[in-house]
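What follows is a single structure, written as structure tokens, with notes after it.
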Amino acid sequence: MHVKTLILGAGLTGLSTAYHLEQRGETDYLVLECKTQPGGLCASQTVNGFTLDAGGHLLHLHTPYGKKLVKRLLKSNLLCRTRRAFVYTGSSRVPYPFQANLYALPEAERKACVNGLLEASQSPAAAPHNFKQWCLQAFGRGVYEQFMRPYNTKLWGLPPEKLTCDWCGPFVPLPKRQEVLQSAQRRLTKAYGYNRSFYYPKHGGCGALVQALAARVTHLRTRARVTQVDLKNKTVRAGGQSYSFDTLVNTLPLPAFLRLLTGEKRLSAYAKQLQNRSIRVYHLAINRAVKPFSWIYFPDKTDPFYRVGLQSGFSPYNAPEGTSLFYIELPPDAPPSKRRIWNALVQKGIIKESDKALLSRWQPLPYAYAVYDQHRSRAVRQALAALAKRGCFCAGRYGRWEYSFMESSLLEGKTLAEKLV
Ligand SMILES: Cc1cc2nc3c(=O)[nH]c(=O)nc-3n(C[C@H](O)[C@H](O)[C@H](O)COP(=O)(O)OP(=O)(O)OC[C@H]3O[C@@H](n4cnc5c(N)ncnc54)[C@H](O)[C@@H]3O)c2cc1C
């Protein structure tokens with residue numbers, strides 16, 4: 001089978017590319033997806049009346065087109081929510097972001113944060129070489145030691161000095177130093193960060209968005225796992241069939257895609273320089289409606305998870321009335337027992353020992369975060385340029401091996417479709 005544009009992966013990026021091609025009258029394309037359903041990481045599952053997302057999947061829409069497209073797709077099936085997020089460390093409950101809410105810390109910790117920042121203000125500012133230096137300059141040693149170092153080590157699986165700082169821009173709220181200091185004295189009224197408020201589908205979880213998009217994509221083949229890519233002969237093997245193409249769009253995780261290439265030893269070798277962080281999600285539902293919150297960060301080593309979110313808080317339709325549904329995100333190491341997770345949640349006051357579990361389910365996410373170590377930026381740049389020369393364009397968080405939002409997937413799909421047409 002021959003198509004003009006062959007798109008690998010029917011997650012948000014692949015679907016957006018196909019949708020925007022079709023919007024421009026281009027129908028000579030095909031999307032190949034290995035799973036039985038499209039959606040990738042944005043797909044939701046419904047189990048016994050509970051709607052499960054692959055960890056927290058909230059819509060952060062920052063561009064007029066992103067908003068317009070999502071509203072066009074979801075129509076009235078869209079809620080707007082205000083963030084209620086916290087950091088639990090030791091026995092403190094600090095509103096998020098930690099660095100703008102120091103007033104909530106015990107006196108000794110608060111002093112350490114203030115002193116750390118005052119010291120940092122006196123050091124000459126040099127361009128930071130890694131995430132540790134970036135944090136020390138921006139927030140000082142106290143905030144770094146109490147939150148930034150332990151939390152990010154848990155999330156990325158690497159200490160901050162091994163991470164670069166080219167990902168932090170949109171993701172790490174950066175109050176002015178003066179504001180960090182003021183926050184040690186009083187609660188600030190200003191809200192920080194890209195996720196102060198967010199959108200979320202009323203019905204169907206995050207998956208409602210990919211379903212709405214998939215319904216507008218005509219040429220999609222599921223159960224078609226790509227096993228080989230030959231860029232010289234412009235062919236792909238998937239689900240036991242061969243497909244030829246003029247242009248290839250890749251949205252599969254870049255290291256996995258590079259390993260599928262045949263006869264491209266130099267290109268495939270870039271895969272070794274791209275580090276991946278997988279995670280585990282544990283879904284837990286209980287028989288009681290808990291006090292609403294959005295999500296909580298857990299930097300302490302003693303807690304088995306690094307983030308817990310209240311899925312039933314994003315939409316009341318995510319869980320039957322009078323129940324609560326949590327998503328619990330954990331590092332990929334050996335999974336703790338369900339009992340240990342339960343005990344930790346009880347100890348943190350999120351659930352009560354007397355609560356009853358109505359559902360519990362593990363969901364491993366083999367590709368979750370592209371690790372921004374010292375090799376990533378150069379390897380990605382060179383690999384993407386070499387692929388583009390061979391008529392293969394990569395898009396999306398995993399295709400471009402970047403840390404980005406769902407909105408970027410939608411926009412990258414649009415930009416790519418415009419380029420191809
Ligand atoms: C834990 C977590 C929380 C997140 N939270 C948010 C959030 O709150 N807000 C936000 O904006 N973004 C969030 N994201 C990011 C968001 O998930 C991604 O930006 C988005 O899903 C990327 O879509 P994609 O299509 O590029 O990739 P994917 O969704 O990974 O799609 C790739 C597709 O390729 C398919 N595939 C893989 N291998 C093959 C193969 N060999 N053959 C055929 N098909 C294949 C997969 O099955 C999948 O369908 C989060 C990500 C994670 C991991």
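Both counts, for ligands and for their atoms, begin at 1 and track the order of listing. Note that the numbering runs from 1 along the sequence shown for the chain.
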- Hey, does the Lys NZ or Arg CZ of Lys348 hover above the aromatic six-ring of Phe298, less than 6.0 Å from the centre and inside 45° of the axis? no
- Item | Stacked cation flag Arg397 on Tyr369, 6.0 angstrom / 45 deg |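 Yes, Arg397 and Tyr369 form such a contact.
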Check ligand 1 against [X] and write out every atom of the ligand that is under 4.0 Å from a heavy-atom position of the residue.
X: Gly56; value: 3 (C), 4 (C), 5 (N), 6 (C), 7 (C), 8 (O)
X: Ala368; value: 53 (C)
X: His60; value: 8 (O), 9 (N)
X: Arg225; value: 41 (N), 42 (N)
X: Ala224; value: 42 (N), 43 (C)
X: Ser404; value: 15 (C), 19 (O)
X: Gly40; value: 29 (O), 48 (C), 49 (O)
X: Ile279; value: 1 (C)

Could an N or O of ligand 1 be found under 3.5 Å from any N or O of [X], whether backbone or side chain?
X: Gly396; result: no
X: Val226; result: yes
X: Leu365; result: no
X: Glu33; result: yes
X: Thr13; result: yes

Looking at [atom], what's its closest protein heavy atom, distance included?
atom: atom 9 (N) of ligand 1; result: Leu58 O, 2.7 Å
atom: atom 44 (N) of ligand 1; result: Cys34 N, 3.1 Å
atom: atom 22 (C) of ligand 1; result: Ser409 OG, 3.5 Å
atom: atom 11 (O) of ligand 1; result: Met406 N, 2.7 Å
atom: atom 31 (O) of ligand 1; result: Gly11 CA, 3.4 Å
atom: atom 18 (C) of ligand 1; result: Arg397 CD, 3.8 Å
atom: atom 2 (C) of ligand 1; result: His57 CE1, 3.9 Å

- Crowding at CZ, Arg361 (>12 non-hydrogen neighbours, <6.0 Å):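 No - once you tally the heavy atoms of other residues, nucleotides and ligands closer than 6.0 Å, there are 12 at most.
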- Item | More than 12 heavy atoms of other groups within 6.0 Å of Asn48 CG |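 Atom CG in Asn48 is not packed in, count stays at 12 or less.
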- Message: Below 4.0 Å, non-hydrogen atoms only: which portion of Lys35 touches ligand 1? Side chain, backbone, both or neither.
- Response: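 Answer for Lys35: side chain.
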- Message: Before we go on, tell me: are the rings of Phe86 and Phe293 under 6.0 Å apart, centre to centre?
- Response: no
Write down the atom of [X], the atom of [Y], and the distance for their closest heavy-atom approach.
X: Val217; Y: Tyr29; result: CG1-OH, 3.6 Å
X: Leu220; Y: Ala10; result: CD1-CB, 3.6 Å
X: Ala138; Y: Leu117; result: O-CD1, 3.7 Å

Answer yes or no for [X]: is there a heavy-atom contact with ligand 1 below 4.0 Å?
X: Ala395; value: no
X: Leu8; value: no
X: Cys42; value: yes

- Message: Whether the side chain of Glu353 engages the backbone of Val346 through a donor-acceptor N/O pair (distance < 3.5 Å, no angle test) should be reported.
- Response: no
- Query: Distance-only, no hydrogens or angles: does the Asn287 side chain make a donor-acceptor pair with backbone N or O of Leu358 under 3.5 Å?
  - Reply: no
- Query: If we ignore angles and hydrogens, is there a donor and acceptor under 3.5 Å between the side chains of Glu179 and Tyr192?
  - Reply: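 Short answer, yes.
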- Note: Glu402-Arg381 ion pair, threshold 4.0 Å (strictly below): no
- Item | Check against ring-ring contact (aromatic ring centres under 6.0 Å, His included), Tyr144 and Trp134 | CA-CA 10 Å; Tyr144 174 73; Trp134 186 89; over 10 Å; no
- Should the pair Trp167 and Phe131 be assigned to parallel (<30°), tilted (30 to 60°) or perpendicular (>60°) ring geometry?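 Tilted, since the angle between the ring planes falls between 30° and 60°.
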